[in-house]
Participant: 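This is the structure I want to talk about, given as structure tokens.
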Amino acid sequence: MSTEAPAAGGPKTNRVGLTVADYRGGPSTLCKGCGHDVITNTIISAFFEMGVEPHRVAKLSGIGCSSKTPAYFLNRAWGFNAVHGRMPSVATGAMLANRQLVAIGVSGDGDTASIGIGQFVHLLRRNVPLLYIVENNGVYGLTKGQFSATADEGSRLKNGTLNDLPAIDLCTMAIELGCGFVARSFSADRKQLLEILKAALAYQGTAMIDVLSPCVTFNNHEGSTKSYDWGRDHEGPIHELGFVPAWTTPPVEFKDGEAVEVPMPEGGSIFIQRVEQGRHDPRDKAAALRLLQEHYQSADSFLTGIFYLDPASQSFVDRLELTDDPLCGLGAGELRPSREALEAIVESLR
Amino acid sequence: MSTEAPAAGGPKTNRVGLTVADYRGGPSTLCKGCGHDVITNTIISAFFEMGVEPHRVAKLSGIGCSSKTPAYFLNRAWGFNAVHGRMPSVATGAMLANRQLVAIGVSGDGDTASIGIGQFVHLLRRNVPLLYIVENNGVYGLTKGQFSATADEGSRLKNGTLNDLPAIDLCTMAIELGCGFVARSFSADRKQLLEILKAALAYQGTAMIDVLSPCVTFNNHEGSTKSYDWGRDHEGPIHELGFVPAWTTPPVEFKDGEAVEVPMPEGGSIFIQRVEQGRHDPRDKAAALRLLQEHYQSADSFLTGIFYLDPASQSFVDRLELTDDPLCGLGAGELRPSREALEAIVESLR
Amino acid sequence: MSEPTTAQESATAAHPEPIVNRLSIQVATVNGSGSQTANNTLLRALFQMGIPVSGKNLFPSNIAGLPTWFTIRANEQGYIARRREVDLLVCMNPQTVQDDIDGVPAGATVILDDSLKADTSRADLHFIPAPFQALVRDVCPVTSLRRLVVNMIYVGVVADLIGIEVPEVHAALAKAFAAKPKALELNRAAVDAGVRWARENVKSKSRFRVARMDANGKKLLVDGNTACAIGALFGGVTVATWYPITPSSSLTEALIDLARTHRRDPETGKMKIAIVQAEDELAAIGMVVGAGWAGARAMTATSGPGISLMSEFVGLAYYAEIPAVLFDIQRTGPSTGLPTRTMQGDVLFCAYNSHGDTKHPCLYPANIEEAYDFARRSLDLAERLQTLVFVLSDLDLGMNLWMAEPFEWCADEFDRGKVLDAEALAKAKDWGRYKDVDGDGIPWRTLPGTPGGAGAYFTRGSGHDEYARYTESGEAYARNMDRLKRKIDGCTGLLPGPVAEGDGAPVGILAYGTSHHAVCEARDQLRAEEGLTTDYLRVRSFPFGAEVKEWILRHERVYVVEQNRDGQMRAVLGIEFPEVAPRLRSVRHYDGLPLDARSVSEAIQAAEKGTPR
Amino acid sequence: MSEPTTAQESATAAHPEPIVNRLSIQVATVNGSGSQTANNTLLRALFQMGIPVSGKNLFPSNIAGLPTWFTIRANEQGYIARRREVDLLVCMNPQTVQDDIDGVPAGATVILDDSLKADTSRADLHFIPAPFQALVRDVCPVTSLRRLVVNMIYVGVVADLIGIEVPEVHAALAKAFAAKPKALELNRAAVDAGVRWARENVKSKSRFRVARMDANGKKLLVDGNTACAIGALFGGVTVATWYPITPSSSLTEALIDLARTHRRDPETGKMKIAIVQAEDELAAIGMVVGAGWAGARAMTATSGPGISLMSEFVGLAYYAEIPAVLFDIQRTGPSTGLPTRTMQGDVLFCAYNSHGDTKHPCLYPANIEEAYDFARRSLDLAERLQTLVFVLSDLDLGMNLWMAEPFEWCADEFDRGKVLDAEALAKAKDWGRYKDVDGDGIPWRTLPGTPGGAGAYFTRGSGHDEYARYTESGEAYARNMDRLKRKIDGCTGLLPGPVAEGDGAPVGILAYGTSHHAVCEARDQLRAEEGLTTDYLRVRSFPFGAEVKEWILRHERVYVVEQNRDGQMRAVLGIEFPEVAPRLRSVRHYDGLPLDARSVSEAIQAAEKGTPR
Ligand SMILES: Cc1ncc(C[n+]2csc(CCOP(=O)(O)OP(=O)(O)O)c2C)c(N)n1
Ligand SMILES: Cc1ncc(C[n+]2csc(CCOP(=O)(O)OP(=O)(O)O)c2C)c(N)n1
Ligand code: SF4
Ligand code: SF4
Ligand SMILES: [Mg+2]
Ligand SMILES: [Mg+2]
């Protein structure tokens, strides 16, 4: 639906003439079956289907198994594996330097909710243009499975250790902080995740997607609330979605009057096709918060979908009124005030 | 009501035999009229009225005008003016070392919501026994009036600078994060603040009080939403409260059937006497969140009162199952395992 | 502020002849009382009379109510370091008046608000009690304004007593109140009232006098933070981040002001700079690291506590080779320390900041010209070296007003360093992000967004090989670390070199940054009073070139003068050049006040006494 | 892992006689394949045979799938440093097999999984291809377990080839699988299958053999992190905080395990320790600062990146005088660096950590006994000195298994330092929190909560006087800073002193921490091969006592051996004792692998060649 007709015989190409292979990265060094690898593959599909030119992409991350994944997709894009928990600031700086970049940040639940919660909060306040994915497994995978701040109260590690602290719900927090694109998904639900990712790529501010992404090595056992089984048993999509980019036409099934169309400011529309738990229009903030408050951490529901979408939010580069030309490209001619300007400054100091 | 009858002729003493003077601190070096000084005085009254022994008190703060105030109350208590934004961790450590301390933390909006938001979030998750006051003026007073992260969107500095970022609502955040005592007050409303402080002193976990405390030097002008005038014009107390300690009996006016009684686990009760905006029972979390979501940052209301109270929450020292004796007082006899224990450990390593 | 000393330049009370253009004024007031404008008016009037001046604002870490002092030094020889001795004291603060009086040397003149309670019995002082409160009542009908306006009255009194030309005072006032004609009028009236009162009531004027001279040429009067901001503006900064902290805030605030006029596109109204107040220093440095990586000329400004918080990112910038500039306006540490006092306290911490093996270029501006120049050049250096460059200023340079030659405009293109664009990439053979193709240890980089598909690479703080690929190979690691060492050690030719004065003396003095001014004067004192001629080397950057080592080796002993307790520059010199370490002797000053010449000359003199010559 | 070298202890392939109890085994496997248990079984069996052993686990920063190596050295002379050369190689990893083979010296034996594709044509090696996959199929019916169990087969093969006594292998297995009888049975069967296969199929056994001896006495086999945890437990730690980071996590994890049994009150079931996983390192250090202030024996454990993040609090602890212990299990920096490789990389950064003038006591354990002992004593030291004490261990010591004498129990009361309780306070005259009443720079403190009303004081990171009152006085500041300097410089008598070996040689070697083991062996090499006798000083703490300076001064030149690029200990020595700086020469090793003796002896030998003797 979102790609051009395949060239006769050759591999399918997208609207910028690239094949899926052009969006791949290096081989993953994660554990076999790790949820993060599924997300990696879905990211590849999303960028391919959206026809984003890889050289325009900046891939940013912190530290953790999740944060390694930018090396596993979009080899032709620039990557920055920064320090633990502080990717948001690096992403902010990069987007200020070059507003034409398409930035994707990949983080873990430890990287975001434990060490990184401060930068996460302020990233959301600023609404930096960034697709921000939390690969949420409730533990620190890379340091061998300690609880993170999204681990649910009452859940247990393999060795029996109990988590007695309440989990941080990143989606609620994001909505409260003014984030205009807040979604949750599950790495075992590739179909939904793909649509959300494509929609997020059409968004102009911070798009935060919290993805349950099981750690098969340290947190996939019984007693875990971040395992594949738990996720499959509890997932409740709040709606079924399809993203239709600007350059394609919605398929017929979206036009039957049942689907809600949410147009995106930079083109394309999200169609909310089928509604399970009551019709949730993501533009309704209060309803989104209510949904989350009622269902988060309740033993029998793990809601997924786009909770909140504010198509009109103003991004940080717009708030700063930056010129359209990327700052990184400006030379002395554009940046250095004239000799007269310096003389005037000097004169004012005499 | 909460103090003993005055000794004939002498100054009024409280239940531990101390006078108000015993709760004073050094002279304030803040600007005349600073909201923080009012809070200081109210803290003095609250500790006096509650009859807390000063030597049991630990006063903790970060850096800022607000964070200086622990030097201005309870001279006979221990003070710790830590580093900027990281008082929560210091308070946590102190309470672990000595669970019998009564800890009060004073912070500013910059100290808490800007640099300190990470530690704030995790403090609340842990529910460390601590009375945490944010002296909220929307600016960094001590560094001369730059906006903090609680400054309202659209408000302006004296020099005209516009704040175009959304404010962080600390009360909503605190409730979401599981804090069991969440209130807001206004330094010009000493009466209400006093009752809230006393109730907070009877609470066993983190009690977070966000107090609008105008900065007369940098943020008390027209266009500010943290000025005295703005506060007075907009304050809407969600209820009228009285705290009645365990060792006194409620005055008659609390008994007329109109007042809701919320008993505190460590003794005493909060009486919610008169209800303005509908009866808000602070034990109703969903109602609290709704109230806040509907009214926060709306131009014409600034709600004050106790939004949320969970009398049953379990504090961090209880979660850690610490012994009743303060850890700081244990000696080698209690702490060092026996020679046999060492030998057993050694044997296990052979 | 107190220690009474024998005035060296002053004469005894018995000594009658006037002393012209050699005086120090100290004004003691209450913080937040608006005395800053009054003091700057005095400073500026003296400056306009062509007399070399300097002013030091000694303010508390408080918004209003605590004691504050302002000292002005006017000196025909051009000495602008702080002087310990006060010749003319103005007492306006009841809290400190007695200590202030006790602290001045014999022979000083003391003007004091006659409403203050103080012991004025010292016979070796010349007391001039003035009815400031009565005078201000006359000129200022609005009660609430009197607290501010009273300060202008002492300006008038001082002007008359020491001979400041009143028109110059008026001119200085006009500058300060350019936009506020009403305030100008009021303040001018107050000055005039002070002048009138002194003229009519003080029979014996001050022995300390000033007289017009022509030493200041086309000079300006400006603070170092503003100079850095101007330098950064003309150096082409495009992303600047900060978290407010004294004494660095005013650097970014000056930049914000400048950017409003000079970086807004006149046609579109859009900004050609992003200035972001971060939520803390970790974010401030993270943002410049991200911005530098993506091709911005990026800077942040902070002070000691910020450096501590930035350390993790500093290590990343070193190891992943990200250009950015970090201004550290040093204040008195450790910890919060004395946040409104000066110090050269972060020299060692910055040079090798962060865990693991690191090394960072540092620049040490000593004066306004260098503040402007180094700020400007630091952005070039960062991009050329692909590393974090520290500019180590301090509170004294940053927040006080200093005389300076007019800033020079520069027409050169910016040095953007080794960046391959799409075209160059297409031609490049076997490009590797971390390959040393030019033998200088500096690799070629690409900027995110470069079209063509060949320039993408992965940046990380973990082990990487020449092609920026992840590796845990010990050999690749060591190769990379060796290259980094070559890169930084090899950059000395690009940095501002040391400045030597004198040649052939066996005794050397080595200093840097704001210690310079006291050293110049101290060398004259040593020569004049002790007959001791010294050579002098002013270090302006780190890592040091070999000429620093050679210069030290040419001297039997070298006094390293600095403003910290531990002799941090001495430590760094010893690390870099162990063979010279035994020749280095530390002269340290660390009470938070700017260094004065006497502290230097006395220490050297004492040490030399103990040294067989 | 590759660089082929001439085996020094090995003989050439032509050399027939067996070499007994002098061999190095290297096992190359895939991370996450369970080889760790197999390798430890080999190590333990050798240890139980009374042969001195050491094991080094060279693992990647990854959970599963990347290459990992384990080297075991058995040496009758007790040399336990890493050896570069491999005598017996076990290849189980297809990714690295060729590099692994290429990297061993002539004469080595290579056991390899016969399913691996590799060039086995090197005639100078003794190849033993083994049908591991077939063997494991026979012993292990469950397919999913075979990946793990196959490792035990090489254990059996190696045991037979070099002569490890099979009952000792069985005993080691029994220890590893004590709680899992089924797994024990399976693994034992695998070992036996390996033994059997080797016995039946390998005609020429390895030239490298082992034979029972009696060198290990009552020794244990334990890693340094566990030893530190035991030390801290017996040292009375009551508040421990952490944020997981390799290689420090296992220290706190060991403490958690120990606390479960040893710090739970048997009657009440309540805990006599609080162990908190903080949200990051800023919080981890903040908590111990708060806890130390309130009277707990507090510690945190981290590695390089954590130190960078902790810097601000470190300065506060120094200046406000808060006791706490910080374990830095050093890894390869800068930045994320090689997070699973070792380094002595934070020596300079820790010694003077944080902005402003600071100085922190540091302990440098070299072995397990010291890991236990220094951990235990560090809590006393911190309280005695009222400051932050660093324990600088490293990944090599912390995460590898080492032989050690049994830990000694100690009956002394803890040293809680100078704390005034209510009674003492009542008697104290004019107590001031920061007064130096004893002349050692160490003031008396009180703990929050002390009844009586006289002990309260205010702690802050800003300027304070002797009575803990806020002050901006420059004199009070300088007085306080001078006292702090006296306090830290004066504490050397309390710290573990240096250990000297040899006396009278003109050439000295100075080392610390885990570099010790390579130095011991290198000294023997230098004596045996070059006829060069050296003296040796092992520094165990900072600040150094005068004896360190005097020792250096007794030598013409001193080689400072360390595991970092920049010679950080040399730098610190030069800062503290500038007069000795020119005598110091750096021997540095920085590829992330533990130091080996050859690197030391070769460097010294080369340097000595260039030195006129
Ligand atoms: C400053 C710092 N502290 C600690 C670490 C160690 N560390 C590496 S990854 C990680 C946690 C990762 O957890 P998460 O973000 O959930 O990612 P996951 O591995 O689960 O995908 C930690 C604590 C570090 N690299 N840097
Ligand atoms: C690490 C660090 N960064 C910056 C500062 C400078 N600083 C001191 S107080 C302050 C802000 C205080 O604001 P707030 O907490 O709102 O307190 P207020 O003064 O308004 O009461 C800042 C930024 C500091 N002390 N430490
Ligand atoms: S440890 Fe967990 S999170 Fe990390 S790669 Fe393995 S499965 Fe994924
Ligand atoms: S600056 Fe503002 S916050 Fe600080 S003391 Fe003055 S009024 Fe209060
Ligand atoms: Mg995780
Ligand atoms: Mg504030």
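Note that this is a predicted model, so its numbers are computed, not measured. Hydrogens, waters and symmetry mates play no part in the numbers below; they use all other heavy atoms, side chains included.
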Participant: I'd like to know if A:Arg290 pairs up with A:Asp284 as an ion pair, taking the criterion as any Lys NZ or Arg NE/NH1/NH2 lying under 4.0 Å from an Asp or Glu carboxylate oxygen.
Facilitator: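 Between A:Asp284 and A:Arg290 there is no salt bridge, as every charged N stays at least 4.0 Å from the carboxylate O atoms.
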Participant: If you count every heavy atom of other residues, nucleotides or ligands that lies below 6.0 Å from A:Lys144 atom NZ, does the total exceed 12?
Facilitator: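 For A:Lys144, atom NZ is not crowded (no more than 12 foreign heavy atoms under 6.0 Å).
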Participant: Under 3.5 Å, is there a donor-acceptor pair between the A:Asp325 and A:Thr323 side chains?
Facilitator: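 Looking only at side-chain atoms, A:Thr323 and A:Asp325 do not form any donor-acceptor pair under 3.5 Å.
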Participant: Can you tell me which portion of B:Leu289 sits under 4.5 Å from chain A's heavy atoms? Options are side chain, backbone, both or neither.
Facilitator: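 The side chain, not the backbone.
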Participant: If you count heavy-atom pairs under 4.5 Å between each of A:Asn127, A:Asp164, A:Leu177 and chain B, which one has the most?
Facilitator: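 Result: the option with the highest number of such pairs is A:Asp164.
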Participant: Counting heavy-atom pairs under 4.5 Å with chain A, which one of B:Arg126, B:Met173, B:Glu176 comes out on top?
Facilitator: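 The candidate making the most pairs under 4.5 Å is B:Glu176.
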Participant: Could you check A:Thr150, A:Asn163, A:Leu157 and say which one makes a side chain to side chain contact (heavy atoms under 4.5 Å, CB included) with A:Val139?
Facilitator: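 Considering A:Thr150, A:Asn163, A:Leu157, a side chain to side chain contact (heavy atoms under 4.5 Å, CB included) with A:Val139 is found only for A:Leu157.
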Participant: Given heavy-atom pairs under 4.5 angstrom as the criterion, report whether the side chain, backbone, both or neither of A:Ala286 touches chain B.
Facilitator: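 Neither; nothing under 4.5 Å.
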